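Here is the structure we will look at, set down as structure tokens.
What you are looking at is a predicted structure, and each value in this text was computed from that prediction instead of being measured. Below, all heavy atoms of this structure are taken into account, side chains as well, without hydrogens, waters or symmetry copies.
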Amino acid sequence: YTSRLFHIIKKHLPNMHGYADDSQLYVAFRPDTHVSQDHAITSIENCVSDIRAWMSNHQLMLNDSKTELLIIGSKQQLAKVHINCISVGSTEIKPVRKVRNLGSWFDEYMSMNAHVGQVCSKGFHGLYKIKQIRNFLSEDAINTLIHAFVTSHIDYCNSLLYGLPKTQLNRLQRLLNAAARITCYVPRYAHITPVLKKLHWLPIPYRINYKIALLVFKALHNLAPSYLIELLQTKSATRYFLRSNQQVLLQV
């Protein structure tokens with residue numbers, strides 16, 4: 001029903017992403033020139049105007065108040081940007097510092113600080129509730145609750161966290177360690193590695209690597225969405241008899 005939107009957007013912008021009722025528009029520009037900034041604003045506003053007209057003709061409504069604007073770049077790049085707002089209908093949308101994107105949080109520097117903070121906040125809040133009733137729970141029940149309120153948040157979209165500084169990953173590791181201690185009735189200052197091994201829980205960096213490896217495996221075997229499959233290309237065999245010709249290697 002909404003596939004026509006993609007044709008409208010392609011007239012104005014090079015990239016968009018749609019998921020259910022969530023549509024995201026993307027445009028890149030050079031921050032050091034006002035011409036490029038003005039062109040980006042005009043492209044976005046014209047595109048939104050055409051989307052609004054299409055939606056109005058198809059008995060749909062664009063919710064201006066739920067529209068958000070995020071400008072992403074380095075600190076040096078953002079210091080050169082002078083975009084105060086964009087017009088969406090009669091509403092002026094001002095840039096925000098972070099936005100929620102399909103359950104993940106993106107900040108203006110793409111540092112994932114906001115996402116890690118939200119995960120830790122949700123996880124420790126869930127642990128606090130679980131700890132209050134821990135004595136009344138069976139082993140199966142505690143495992144179910146820990147997965148529902150802690151590890152599910154840690155593992156959700158964790159491939160986005162690849163390459164983050166160790167200080168960021170340590171915040172998530174502390175959350176995982178606290179969940180393991182509550183699960184196994186381990187004192188706060190006891191050594192945590194044997195507990196994680198007993199639970200078969202991978203540390204945070206390995207959980208991230210595992211998720212990426214799983215996505216790559218699915219993409220190579222046509223089990224992933226097409227936009228992921230298209231990103232990967234296998235390295236073609238050379239005319240020389242090398243051991244690498246017998247392996248499935250990815251083209252960098």
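Not counting sequence neighbours, the partners of I212 by the side chain to side chain contact (heavy atoms under 4.5 Å, CB included) test are S159, Y162, I208, V216.
Taking both residues in full, the closest heavy atoms of N84 and P95 are given as O-CD, 3.0 Å, listed atom of the first, atom of the second, then distance. Closest approach of C120 and L175 over heavy atoms only: CA-CD2, 4.1 Å. Minimum interatomic distance between R4 and W54 (heavy atoms only, all atoms of both residues): CG-NE1, 3.3 Å. The two residues P205 and Q173 have their closest heavy-atom pair at CD-OE1, 4.3 Å. Nearest approach of I93 to D64, heavy atoms of both residues: CD1-O, 3.5 Å. A pairwise comparison of heavy atoms in S104 and L160 identifies OG-CD1, 3.7 Å as the closest pair.
Evaluation of the salt bridge (charged side-chain N to carboxylate O under 4.0 Å, His left out) test over residues 129-149, restricted to residues two or more places apart or in two chains, returns none.
A salt bridge between R100 and D22 is absent, with no side-chain N of the basic residue lying under 4.0 Å from a carboxylate O of the acidic one. Salt-bridge annotation for D107 and R97: absent, with no side-chain N of the basic residue lying under 4.0 Å from a carboxylate O of the acidic one.
H17 and Y227 have perpendicular rings, their planes meeting at more than 60° on a 0 to 90° scale where under 30° would count as parallel.
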Check against side chain to side chain contact (heavy atoms under 4.5 Å, CB included), K235 and L250: CA-CA 5 Å; K235 192 174 182 180; L250 296 179; over 6 Å; no
Step-by-step side chain to side chain contact (heavy atoms under 4.5 Å, CB included) determination, L161 to L172: CA-CA 11 Å; L161 308 180; L172 295 173; 3.5 Å; yes
Step-by-step side chain to side chain contact (heavy atoms under 4.5 Å, CB included) determination, N209 to L202: CA-CA 10 Å; N209 291 341; L202 290 173; over 6 Å; no
Worked verdict on N158 versus I154 for side chain to side chain contact (heavy atoms under 4.5 Å, CB included): CA-CA 7 Å; N158 62 347; I154 291 175; 5.7 Å; no
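Residues D38 and T33 fail the side-chain proximity criterion, which asks for heavy atoms closer than 4.5 Å. Taking the side chain as every heavy atom from C-beta outward, I72 and E108 never approach each other to under 4.5 Å. Between Q77 and S74, some side-chain heavy-atom pair lies under the 4.5 Å cut-off. A 4.5 Å side-chain heavy-atom check between R207 and L176 finds at least one atom pair inside the cut-off.
Residue Q24 qualifies as enclosed at atom CD: its count of foreign heavy atoms under 6.0 Å is above 12. Remark: H39 NE2 is loosely packed, at most 12 non-hydrogen atoms of other residues, nucleotides or ligands lying under 6.0 Å away. Heavy atoms of other residues, nucleotides or ligands lying less than 6.0 angstrom from CD of Q233 number 12 at most.
Using a 3.5 Å distance cut-off with no hydrogens or angles, the side chains of N135 and Y185 do pair a donor with an acceptor.
For F149 and H125, the ring centers are positioned 6.0 Å apart or more.
Hydrophobic clustering, with ILVMFWY side chains joined whenever heavy atoms are under 4.5 angstrom apart, groups L60 together with F6. When hydrophobic clusters are built by joining Ile, Leu, Val, Met, Phe, Trp and Tyr residues whose side-chain heavy atoms come closer than 4.5 Å, directly or via intermediates, L223 is not grouped with L232. In the hydrophobic clustering of this structure, W105 does not group with Y109; members are Ile, Leu, Val, Met, Phe, Trp, Tyr whose side-chain heavy atoms approach within less than 4.5 Å, directly or through other members. L78 and Y26 end up in different hydrophobic clusters when Ile, Leu, Val, Met, Phe, Trp and Tyr side chains are linked at under 4.5 Å. Transitive grouping of hydrophobic side chains (ILVMFWY, heavy atoms separated by less than 4.5 Å) keeps F124 and Y156 in distinct clusters.
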